[in-house]
Every structure is written in structure tokens, then in C-alpha cells.
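Numbering of ligands and ligand atoms starts at 1, following listing order.
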Amino acid sequence: MLQKYCFKGAPPIQQTLAMRKYLSFYRNLMDSEEPIYFAVGLLPCYRLWVWLGNTLNTPPTNAYYTWKVENMGKKEFERISKREVKVPGLLIMKDVSIAKSEFVEGEKAVTKLQDYQEDPELFRYCTLPQILKYVECFTGPNIMAMHTMLINKPPDTGVDLFGPGKKTSRHPMHQDLHYFPFRPADRIVCAWTAMEKVHRGNGCLVVLPGSHHGTLQEHDYPEWEGGVNKMYHGVRNYAPDHPRVHLEMEKGDTVFFHPLLIHGSGMNQTKGFRKAISCHYASSDCYYIDVNGTTQENISNEVKELAVKKYGADSVSFQDTWALRGRLVQGERTSM
Ligand SMILES: CCCCCCCCCCCCCCCCC(=O)SCCNC(=O)CCNC(=O)[C@H](O)C(C)(C)COP(=O)(O)OP(=O)(O)OC[C@H]1O[C@@H](n2cnc3c(N)ncnc32)[C@H](O)[C@@H]1OP(=O)(O)O
Ligand SMILES: O=C(O)CCC(=O)C(=O)O
């Protein structure tokens, strides 16, 4: 640990007055109060680390970078999964293999948090200047965060609760534009950040390089033996011999990609959960399109059905579901 945080050794570490006061506060609390007060006393600190992690401008070269990444997002994910906080509009998704199971609970039951725009802790990711600086290159200065996800890809090894290796942790190859009723595509970009090391073993992203120069393809559910997650549509036809790149990434690495890029992710063959956080951004100067009669009609119908079921919103259009969830993160909300 000393090495990780660039200390030369233990001897030079001295207790300062501030450290002494801080530690004696907790000792007194523990010695003189009921244990519950100690837990309550720790709360400000629990929130402070996360705030510091999000606020400090700590680049990957800084000794505290790992500490910062560890304090961003993961704690909030835990609290949401345990239902300690309730976030308006948030969809908590279970993997199809356990969707009907009562026996998997907490973090292990959560494959994805979707639409975290009302959770200040997680949404801070979408406002990070380190991310927006690159996003702006694609969107221009008026930036909307349109779609937010924290993905917790579950193990698919068949050795634990997830059944006999049904491969449902895979994400079929798709183009994100299939889900979006707004254009132009060149003003939309996804930022996807690894919350831990991602590699082929735990299901990193797989991309077909150059495919973003093509057009939007027809998408539908792939015919997978073990079942497919709801709304996980895949591109119907793509050349199976198209070169592929597996994006192996370190914790904290971010990839930015075009909404026409054909991509997906593999099965998680480890016993751990592979976490990543992402946001789809669009220029607020983009405009909505009517997808009726196009290849996007199938997903539009599914999303509207979900909006009716969840919110009883029977007159909501596909475009409205996006306008309601989009949040301005920079500049002016001109059109979207
Ligand atoms: C303001 C209105 C907002 C409307 C919300 C719109 C969401 C739109 C999604 C857009 C995605 C854009 C993505 C672009 C980027 C590319 C991608 O990420 S592609 C993948 C996109 N798809 C998803 O992300 C799907 C996300 N999941 C969900 O939305 C939900 O978790 C859900 C699958 C719809 C289920 O949620 P919920 O209805 O809350 O679940 P339950 O009440 O527990 O169960 C209901 C019913 O559904 C079955 N079920 C649950 N989970 C799954 C699953 N993973 N796969 C299949 N079926 C599932 C469950 O068993 C219940 O079935 P029953 O028969 O009714 O008992
Ligand atoms: O994180 C993953 O496994 C896949 C995510 C993805 O394909 C997407 O965000 O469009």
C-alpha cells in the first residue's frame, strides 16, 4: 500500500495535530456513546470521500488516482442496489437469467442501473470536465447528457448462482443509434469508463473498427439459446469476418465512440462483476425524427410500452421519453 501511494517508507509518516484531533473524535465517540452514534459519526466522512473523489482534479499520473476512482460511483452503486437510496426515474435491471428469481439480492441481482440522471453522486460523472473536454469535440459547446448507465456485468461462468453458463451476460453487437430518435449521428457520442480493469475474460467491449462509416442497420433480438435481456437488440446482418478489436482497458480508462459503431461485449467468465459507467451525449442543437416506418419502429414500440407500464404515460411519444430524460450539462438547451 505504501508503494501504491508513493510513500518512501513508514518512518517519515508523522501524526499531525489535525490527524490527532480527527482520530480522537472517533475514539471518544466509540468509548462514550452507543455504537449507533459511531456509525452516524462516520456518515459525513463516507460522503466526503466520494465528494473529494469526484471534485479533485486528479489525473491518472497522480498517486491518488486509484483512490479517486475507487471512491467514485461504486459506493453509490452499493447503496442503490441495497435500496438504501431511491432515485426517481432510475431503472434497476436484473439479468434475464435471474429476473424471476427471489434468491439473488442486493448488488449481485443488479446487472445495470439505467437513467441515473437524478442521482447527483452518479450524475457527476456526466459533468466531469475531463470527459466534457473530449465530448465537446463531437457535440460542440451545447451538450446534453441523454442516456446514463452503470453496468455491472454479472459472472456467466455457471459455477455460482447464475445457472449453467447461459451466456446471457453478453451484449449483442449493435449500433446505439438504433435506440435514438435524434440526429445528426455525428453530433452524438458515448463516453464509457471502466470502473475496474476490463479484459476479454470479464467481457470487455468489442468493436468493429470503421463500421461507423456505414448506415444504421436493422436490429432485432438475437436467437440465443440461453435467452436475451429485454431490449438487447443486435444487428441482424454484419460480416462475421469483419476485423474485431477487443478494448482491454485499465480502471479509469475512457473510450469515446460514435453511435453507428457496431459494438457489443463478451461473456463474463470470471467470478467478479465487471463495472463500467457510461453516458451518451448529444448536441442540444440536434433534432428529433419520426421513426415510424423505419427499422427503429420495433425499439420505439418497446420503449413506449415500458413508459406506459412504469409511468402510466400512455400519450408519451418515443421522442418524449428522451426529452424527459435528457439533461443539459454545458451551454444552452437550444432544441433537444
Ligand atoms: C420517461 C420514460 C422512460 C422510459 C424508459 C426507457 C428505457 C429505454 C432504454 C433505452 C436504451 C438506450 C440504450 C442505448 C445504448 C445501448 C444499450 O444499452 S442497448 C440495451 C438497451 N436495453 C436496456 O438497457 C434494457 C434495460 N432494462 C430495463 O429497461 C428494465 O430492467 C426491464 C428489462 C424493462 C425490466 O424492468 P422492470 O419492468 O422494472 O422489471 P420487473 O418489474 O422486475 O419485471 C417485469 C418483467 O420483465 C421481466 N424481466 C426483468 N428483467 C428482464 C430482463 N433483463 N430480460 C428479460 N425480461 C426481464 C421480469 O421477469 C418480469 O416479467 P413478468 O413476466 O412480467 O413477470
Ligand atoms: O458495457 C457493456 O457491456 C456494453 C455497453 C454497450 O454496448 C453500450 O453502452 O452501448
Flag the pair E250 and K197 as a salt bridge only when some basic side-chain nitrogen lies within less than 4.0 angstrom of an acidic carboxylate oxygen. yes
Is it true that the side chains of T193 and Y125 contain a donor and an acceptor less than 3.5 Å apart? yes
Compute the minimum heavy-atom distance from H233 to ligand 1 and say whether it is under 4.0 Å. no
Contact check: K94 vs ligand 1, nitrogen or oxygen atoms, below 3.5 angstrom: yes
Short N or O distance, K310 and ligand 1, threshold 3.5 Å exclusive: yes
For atom 6 (C) of ligand 2, the protein heavy atom that lies nearest, with its residue and separation: H263 NE2, 3.7 Å
Does the residue H178 have a heavy-atom contact with ligand 1, meaning some pair of atoms that are separated by less than 4.0 Å? no
Backbone or side-chain N or O of K309 under 3.5 Å from ligand 1 N or O: yes
N or O contact, K230 vs ligand 1, cut-off under 3.5 Å: yes
Atom indices of ligand 1, in the order listed, that fall short of 4.0 Å to a heavy atom of M93: 26 (C), 27 (N), 31 (O), 54 (N)
Is there a nitrogen or oxygen of K112 sitting under 3.5 Å from a nitrogen or oxygen of ligand 1? yes
Could you say whether the N/O atoms of H280 and ligand 2 ever approach to under 3.5 Å? no
Can you find an N/O atom of Q114 closer than 3.5 Å to an N/O atom of ligand 1? yes
For atom 5 (C) of ligand 2, what is the nearest protein heavy atom, given as residue, atom name and distance? W192 NE1, 3.8 Å
Please check whether D115 reaches ligand 1 - meaning an N/O of the residue sits under 3.5 Å from an N/O of the ligand, judged on distance alone. no
